[in-house]
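For reference, the structure is listed below as structure tokens.
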Amino acid sequence: MEAIVQSFFNLEIIAASWPIVRAGLWNTVLLSLLVVPLGLLGGLMLALLASAKRPMIRWPLMAWVDFFRAFPPLVLLILLFAGLPFAGLELGGFVCVAIAFFLNTGAYYGEILRAGIDSVPAGQIEAARSTGLSRLQAMTYVVLPQAVRNVLPDLLSNTLEVVKLTALGSVVAVPELLYQARQAQSLTYNPTPIVVAAIIYFVMLWPVVRLLSRLENRAFAGR
Amino acid sequence: MNGPIVDARGLHKHFGALHVLKGVDLRVAERELVFVIGPSGSGKSTLLRCLNRLEEPSSGSVVVDGIDMLDPRTDINHARQRIGMVFQSFNLYPHMTALGNVTLALRKVAGKSRAQAEALGRAALERVGLADRAEHTPGQLSGGQQQRVAIARSIALEPRVMLFDEPTSALDPELVGSVLEVMRSLRESGMTMLVVSHEMGFARNAADRVVFMDEGAIVEEGPPAAIFETPAHERTRAFISQIQRH
């Protein structure tokens with residue numbers, strides 16, 4: 001028992017490593033605030049293009065989405081980090097994570113939003129267009145608000161995954177929560193900082209999980 | 001005397017192998033109320049939807065209030081403000097209040113300020129007898145009230161012609177009257193109207209002209225009394241007697 005507390009819940013180690021772990025927490029929050037909107041933006045662009053329904057746009061789009069959904073994000077990230085310097089681009093880990101997430105998670109958000117747009121009856125667009133709204137205006141004011149509401153649980157669930165995936169940044173030396181915790185671990189020769197990081201992830205994401213369950217229950221009850 | 005408000009000539013529409021409109025000519029004069037009747041699948045709705053280009057006609061010409069609707073140089077979004085359309089399934093925006101439904105195009109297309117749009121929107125709701133329902137969402141309104149809000153959404157833009165695509169078909173019988181009442185008052189205010197509907201009683205005492213369509217073409221047209229009492233074609237006679245049996 002004593003040994004377990006010493007290795008995993010060591011108060012002295014927590015106190016000593018806290019500044020390092022805290023810096024990581026801050027970076028994870030920053031990274032999430034960057035990659036979630038980026039992914040949503042990418043997804044929105046894909047979904048709007050997909051709603052155009054022109055074969056010339058559709059087929060390349062489907063290939064794009066399929067590719068990035070099938071491609072492991074970790075591999076994508078390492079490939080960008082290792083490959084871009086050869087193309088003359090020294091972008092650093094943070095930017096590589098942003099690009100990789102834009103590509104990977106954008107494809108997921110795009111599929112969710114596309115399903116949301118498809119769930120809005122065609123009569124809504126027809127009514128809007130018949131009053132003179134342009135296609136983009138009809139999308140913005142009539143279709144998207146309903147589409148987002150219809151797929152809110154899926155959007156939230158994907159966002160949860162995205163925040164968890166920011167831990168991948170540790171592989172390319174982005175000083176986010178996991179990376180910093182491992183730094184602290186190797187400095188102190190003690191795994192306690194990893195436990196601290198795990199608890200932080202849980203405390204950060206558990207409220208979102210609860211909210212998601214409530215939304216899903218409500219959607220289920222609404223049927 | 002001005003030319004007709006709606007002037008469609010030689011309209012053809014193909015959906016793949018399906019030939020839905022087979023050379024339809026239709027003119028609607030200012031202040032005229034024209035009823036279009038015919039069996040389902042006869043192309044009535046498609047005809048209406050070709051007039052504001054919700055459907056792209058395969059060939060022919062459509063001129064509404066002097067604007068060539070099929071000319072690629074025509075600003076279709078501007079032209080559509082002049083053509084109100086009411087749908088069978090209302091198609092109100094469920095995430096907005098009645099007033100929000102009515103003011104959206106006023107603000108985003110007609111370029112009115114929020115205050116101007118709300119004043120015009122409330123006036124339009126007043127005209128359909130729903131001034132006290134402005135803050136209700138469609139889910140809180142009956143079918144008849146929803147359809148009246150949909151009419152208000154169109155008339156708020158002061159269109160030159162109103163197209164009605166089976167406006168009462170989705171309503172419970174006891175709610176039909178309120179919608180027809182609004183249509184009657186619109187007609188009395190001088191609105192030009194083109195109505196696809198099977199409300200024969202309304203057609204009889206409100207329509208100037210009834211057009212009978214079958215299999216994508218106009219079979220005959222004339223004053224309601226003539227079409228209903230003494231139709232010239234066998235197909236018209238068969239259709240009328242079928243409808244009146246109900």
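Order of the sequence lines fixes the chain letters, A, B, ..., with proteins taken first and strands second; residue numbering starts at 1 for each chain.
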Could you list each N or O donor-acceptor pair linking chain B to chain A at a distance under 3.5 Å?
residue: B/Arg49; atom: NH1; partner: A/Glu126; partner atom: OE1; Å: 3.0
residue: B/Arg49; atom: NH1; partner: A/Glu126; partner atom: OE2; Å: 3.4
residue: B/Arg49; atom: NH2; partner: A/Glu126; partner atom: OE2; Å: 2.7
residue: B/Asn77; atom: OD1; partner: A/Arg129; partner atom: NH2; Å: 3.3
residue: B/Asn91; atom: ND2; partner: A/Gly123; partner atom: O; Å: 3.1
residue: B/Leu92; atom: O; partner: A/Gln124; partner atom: NE2; Å: 2.8
residue: B/His95; atom: NE2; partner: A/Tyr141; partner atom: O; Å: 2.9
residue: B/Lys108; atom: O; partner: A/Gln137; partner atom: NE2; Å: 3.1

To the nearest 0.5 Å, how far apart are CG in A/Leu160 and CG in A/Leu156?
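One gets 7.0 Å once the value is rounded to the nearest 0.5 Å.
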Return the set of residues passing side chain to side chain donor-acceptor pair (under 3.5 Å) with B/Ser40 (not counting sequence neighbours), or none when no residue passes.
none
Which residues share a side chain to side chain donor-acceptor pair (under 3.5 Å) with B/His12, sequence neighbours left out
B/His19
Check each atom of B/Leu157 against the heavy atoms of chain A and say whether the ones under 4.5 Å are side chain, backbone, both or neither.
side chain
Atom group of B/Leu163 that falls short of 4.5 Å from chain A, counting heavy atoms
neither
Is B/Arg9 paired with B/Asp7 through a side-chain N to carboxylate O contact shorter than 4.0 Å?
yes
For residues 119-131 of chain B, which residue pairs qualify under salt bridge (Lys or Arg N to Asp or Glu O under 4.0 Å), counting only residues two or more places apart or in two chains?
B/Arg122-B/Glu135
How close do B/Thr192 and B/Ala29 get, counting heavy atoms only, and between which atoms?
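Taking every non-hydrogen atom into account, CG2-O, 3.3 Å.
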Whether B/Ser142 side chain and B/Gln145 backbone form a donor-acceptor pair below 3.5 Å:
yes
